[in-house]
Enquirer: 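Supplied in structure tokens, the structure appears directly below.
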Amino acid sequence: MIEFLYNHTMATFTMALPQKKFYRQRAHSNPIADHCIEYPIKPDIMDWTVLYSNIIPIFDTNRSIKILNKFVEFVDIGCGYGGLLVTLSLMFPNNLIVGMEIRVKVSDYVIDRIAALRSQFPDQYQNIACIRTNTMKYLPNYFYKGQLKKMFFLYPDPHFKKAKHKWRIINKSLLAEYAYVLAENAIVYTMTDVKDLHEWMVQHLTVHPLFLRIPIEQLTSDPIIEKLYESTEEGQKVTRNNGDKFLAVFRRISDPYLNSKEEFLIT
Amino acid sequence: MSFSIRNSHVVLCNNDSVLIYNLDSQIRNIIALPKLESKNEIRAHNREEIETFHILICVEFSNDGQYFLVCANRKQLCLFKTETLELISNRKMQRAASKVRFLPNNDIVVADKSGDAYLFSTSKPNENGQLLLGHLSMLLDILVTDDQKFIISADRDEKIRVSMFPNSYNILSYCLGHKDFVTNIAVVPHNKSILASSGGDGTLMFWDFKTGKELLTVYFHEKLSQSDLLKVNETLKKHNLEEGVTVSPVKHLKLLQLNEENSIILITFYCSNAMLVYRISAEENNLNVKYLSLVTLEQEPLECQYHKNNLWILMDKKIEIYKFNGETLIIDSNLNMQIQTLNELWSTHYQGLNQTLLPILYKRKFDNLQEYQERKKLRLVKKDA
């Protein structure tokens with residue numbers, strides 16, 4: 001199936017960008033249901049070379065597989081139609097960036113979009129890719145401990161109903177998993193147009209001992225911040241509707257419990 | 001149904017009554033479980049297989065034998081004092097539990113079917129459970145290591161998570177490699193840095209759990225009979241799971257220390273009377289697992305436990321005790337004579353409550369990918385033409 005699409009697209013000289021009308025899908029997905037998702041059993045067997053196919057792989061003699069010479073370090077969780085990925089690609093040409101999206105059609109749109117961009121600009125967009133997966137379940141299947149430097153949660157599904165709050169992408173238990181794949185000092189960006197969700201995310205991240213909020217004034221030197229407002233499709237929609245946008249940025253810190261124990265041992 | 005033995009006490013539990021039997025004095029006590037005080041009535045679930053899982057009943061003694069717990073009546077957790085049979089606490093859990101264990105300090109850790117793990121204090125028996133961690137998948141087993149530094153949880157996807165304890169928000173590692181749900185985890189008793197695990201993929205795996213490194217995988221599936229597998233598939237079919245399975249799922253995984261270098265590993269299975277016995281010898285960097293025997297029991301084991309180096313097996317009809325003759329497992333007829341009264345009590349008490357976790361272990365997957373890809377293919381072909 002995939003094979004066919006591939007051949008089809010390779011046949012044309014340069015590919016046209018995919019048309020969104022063919023890829024529309026309702027905004028909600030049940031993250032707890034048993035979706036048919038193919039995922040690696042463990043990060044060791046994840047083949048990243050397929051996603052970044054123009055980057056020349058090296059051969060890992062220990063595992064007898066082809067690998068890339070660097071790790072994916074930025075992840076856009078729920079990357080939607082891929083606006084942020086495309087923006088980040090040019091800002092960080094030397095970093096590998098992946099978008100993860102659970103919705104079938106939306107992730108397929110991003111995959112087709114990246115393929116089209118690569119064919120139109122052969123030297124660019126080689127560092128971004130999109131995977132259809134459920135990050136609430138499978139993040140540790142893709143990434144090693146402390147592998148990630150930046151993680152983005154932009155306009156996540158607000159799941160308004162109280163009964164569905166457990167489906168929200170940020171909660172106490174999931175933050176432990178995010179902290180696991182994030183390196184110390186890695187940055188988590190959250191943005192939403194829903195005030196209630198913003199407060200929810202800030203509250204959970206603030207309470208979690210492995211995250212510390214970065215004050216707004218310290219963010220001015222980060223070139224990513226301004227891009228967060230307009231690069232995503234959701235962000236542009238909110239602008240059109242004159243909506244608010246709430247930003248909160250956090251740093252992954254070391255475990256204060258372990259630190260306090262060490263201090264105790266020293267004194 | 002469940003049972004537990006510590007010192008000279010045996011506690012047996014079935015539906016809503018608990019039998020406490022003293023092996024020495026042969027004194028027996030039967031206590032009825034208290035009603036769960038809850039504002040909201042707990043409604044029955046409309047899916048039968050989930051309902052049977054809800055009423056999962058479990059009894060266990062604390063390591064020092066001072067307390068025993070009864071996890072019953074769906075979301076109820078009762079704690080009793082062994083000597084006086086005094087009810088210390090009668091607490092409500094957030095969700096139906098899938099595994100309950102005592103910690104070395106007598107606190108209780110509960111893993112539930114929504115994927116969360118809670119800590120219930122024994123010294124503060126009126127306090128509610130405190131959320132320790134959560135998976136986005138049903139938890140099937142949980143343990144806190146003897147040094148109380150780590151908490152290890154296993155789920156219905158294929159994950160084993162190792163978190164720090166009590167700072168359980170800090171994940172130390174994942175032990176990834178199983179290809180199906182993980183029903184059982186256990187620390188190797190003579191080498192406490194190694195974790196053993198098994199579940200639905202026909203393997204027994206060993207891990208350096210602090211790093212998540214896979215040490216050894218043992219395939220045992222070909223040792224089991226095809227007719228047992230057939231029984232698994234028939235049971236699943238009864239519960240509308242049409243997709244057959246090719247491996248018998250593990251029910252119990254029990255490890256017993258033989259001496260300083262060796263432990264015995266015992267595995268039982270759903271829908272099977274077979275029990276596989278292995279020996280693990282683990283020295284530095286040298287892990288060796290040897291297959292010893294297959295023991296055929298009279299019935300499928302409901303629960304099994306070690307007690308004073310003997311193996312006690314609870315079945316529908318009776319409890320049977322096995323002993324080790326060297327490395328061979330044989331029926332201990334002496335001890336079995338001694339528990340005759342207990343067995344009679346068990347058979348009169350037993351109400352034929354047939355609960356099995358089996359159907360909910362397997363997933364009902366829905367595929368929305370293939371349909372989409374086919375439609376897309378059609379669209380693209382049309383465009384080309």
Side-chain angles (χ1 to χ4, degrees), chain A residues 1-2 4-5 8-9 11-12 22-23 25 29-45 103-105 107-108 112 132 134-141 144-145 166-167 171-181 207-211 254-258 260-261, chain B residues 94-95 114-117 131-139 149 153 155-180 201 211-214 362-381 383-384:
Chain A
M1 189 60 230
I2 304 281
F4 168 83
L5 292 175
H8 165 84
T9 53
T12 48
F22 295 118
Y23 300 86
Q25 189 170 2
S29 183
N30 176 356
I32 294 166
D34 298 324
H35 292 266
C36 264
I37 290 176
E38 274 192 37
Y39 55 91
I41 283 294
K42 53 183 175 180
D44 275 348
I45 59 167
R103 289 169 292 169
V104 175
K105 287 163 132 187
S107 57
D108 194 47
D112 289 352
R132 181 195 171 225
N134 183 350
T135 51
M136 292 170 78
K137 270 177 176 280
Y138 305 126
L139 217 44
N141 293 76
Y144 294 104
K145 184 178 187 174
K166 59 173 188 281
W167 291 10
N171 67 44
K172 184 181 172 180
S173 306
L174 285 169
L175 282 174
E177 292 212 358
Y178 304 150
Y180 168 81
V181 292
V207 169
H208 199 284
L210 298 181
F211 293 97
S254 60
D255 189 348
Y257 179 82
L258 296 179
S260 71
K261 265 176 54 177
Chain B
Q94 289 292 316
R95 307 269 164 177
S114 74
D116 292 331
L131 180 66
L132 290 173
L133 58 92
H135 293 217
L136 212 80
S137 173
M138 188 182 295
L139 284 182
K149 282 185 179 163
S153 40
D155 73 26
R156 182 172 163 263
D157 293 338
E158 48 292 288
K159 285 196 184 58
I160 301 168
R161 185 197 286 185
V162 182
S163 311
M164 309 287 276
F165 189 85
N167 48 329
S168 51
Y169 54 80
N170 189 348
I171 299 171
L172 186 69
S173 70
Y174 282 91
C175 303
L176 300 177
H178 274 297
K179 294 186 175 68
D180 217 320
D201 67 358
T211 59
K213 192 180 162 222
E214 182 187 323
Y362 294 94
K363 293 174 179 172
R364 292 171 168 79
K365 291 203 172 165
F366 67 91
D367 185 0
N368 50 359
L369 192 64
Q370 210 171 338
E371 188 203 339
Y372 165 71
Q373 292 290 10
E374 258 151 44
R375 264 189 289 133
K376 182 178 176 185
K377 188 172 149 187
L378 280 176
R379 170 166 66 83
L380 293 174
V381 170
K383 204 173 116 194
D384 274 359

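Quick caveat: nothing in here was measured; it's all calculated off a predicted structure. First the proteins, then the strands, lettered A, B, ... as listed; each starts at 1.
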Enquirer: For chain B, which of A/Glu177, A/Lys145, A/Arg132 has the most heavy-atom pairs under 4.5 Å?
Expert: A/Glu177

Enquirer: May I ask you to decide whether B/Lys376 forms a salt bridge with A/Asp112, counting only side-chain N to carboxylate O separations under 4.0 Å?
Expert: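 Salt bridge between B/Lys376 and A/Asp112, a charged N being under 4.0 Å from a carboxylate O: yes.
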
Enquirer: How far apart are the C-alpha atoms of A/Leu258 and B/Met164, what are their side-chain angles, what is the distance that settles it, and do they pass the side chain to side chain contact (heavy atoms under 4.5 Å, CB included) test?
Expert: CA-CA 10 Å; A/Leu258 296 179; B/Met164 309 287 276; 3.6 Å; yes

Enquirer: What part of B/Tyr372 is in contact with chain A, defined as an atom under 4.5 angstrom from a non-hydrogen atom: side chain, backbone, both or neither?
Expert: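 Interface part for B/Tyr372: side chain.
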
Enquirer: Give, as side chain, backbone, both or neither, the part of B/Ile171 having an atom under 4.5 angstrom from any heavy atom of chain A.
Expert: both

Enquirer: Given heavy-atom pairs under 4.5 angstrom as the criterion, report whether the side chain, backbone, both or neither of A/Lys105 touches chain B.
Expert: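 Answer is both: backbone and side chain atoms of A/Lys105 are under 4.5 Å from chain B.
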
Enquirer: Under 4.0 Å between a side-chain nitrogen and a carboxylate oxygen: does that hold for A/Lys137 and B/Asp157?
Expert: yes

Enquirer: Among side-chain atoms of B/Tyr169 and A/Asp255, is any donor-acceptor pair under 3.5 angstrom?
Expert: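 The criterion, which ignores hydrogens and geometry beyond distance, is satisfied for A/Asp255 and B/Tyr169.
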
Enquirer: At a heavy-atom distance under 4.5 Å, which candidate from B/His135, B/Lys159, B/Arg161 has the highest pair count against chain A?
Expert: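 Highest number of heavy-atom pairs under 4.5 Å: B/Lys159.
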
Enquirer: Working to the nearest 0.5 angstrom, can you tell me the gap between A/Met136 CE and A/Lys166 NZ?
Expert: 10.0 Å

Enquirer: Do A/Tyr180 and B/Tyr174 have their ring centres less than 6.0 Å from each other?
Expert: yes

Enquirer: Name the region of B/Glu371, side chain, backbone, both or neither, that has any atom closer than 4.5 Å to a heavy atom of chain A.
Expert: neither

Enquirer: Which atoms of B/Leu132 are under 4.5 Å from chain A, going by heavy atoms: the side chain, the backbone, both sets, or neither?
Expert: neither

Enquirer: Mind checking the CG-CG spacing from B/Leu133 to B/Asn170? Nearest 0.5 Å is all I need.
Expert: 12.0 Å

Enquirer: What part of A/Tyr138 lies closer than 4.5 angstrom to a heavy atom of chain B: side chain, backbone, both or neither?
Expert: both

Enquirer: Counting only heavy atoms closer than 4.5 Å, note whether B/Asp116 contacts chain A via side chain, backbone, both or neither.
Expert: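 The side chain, not the backbone.
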
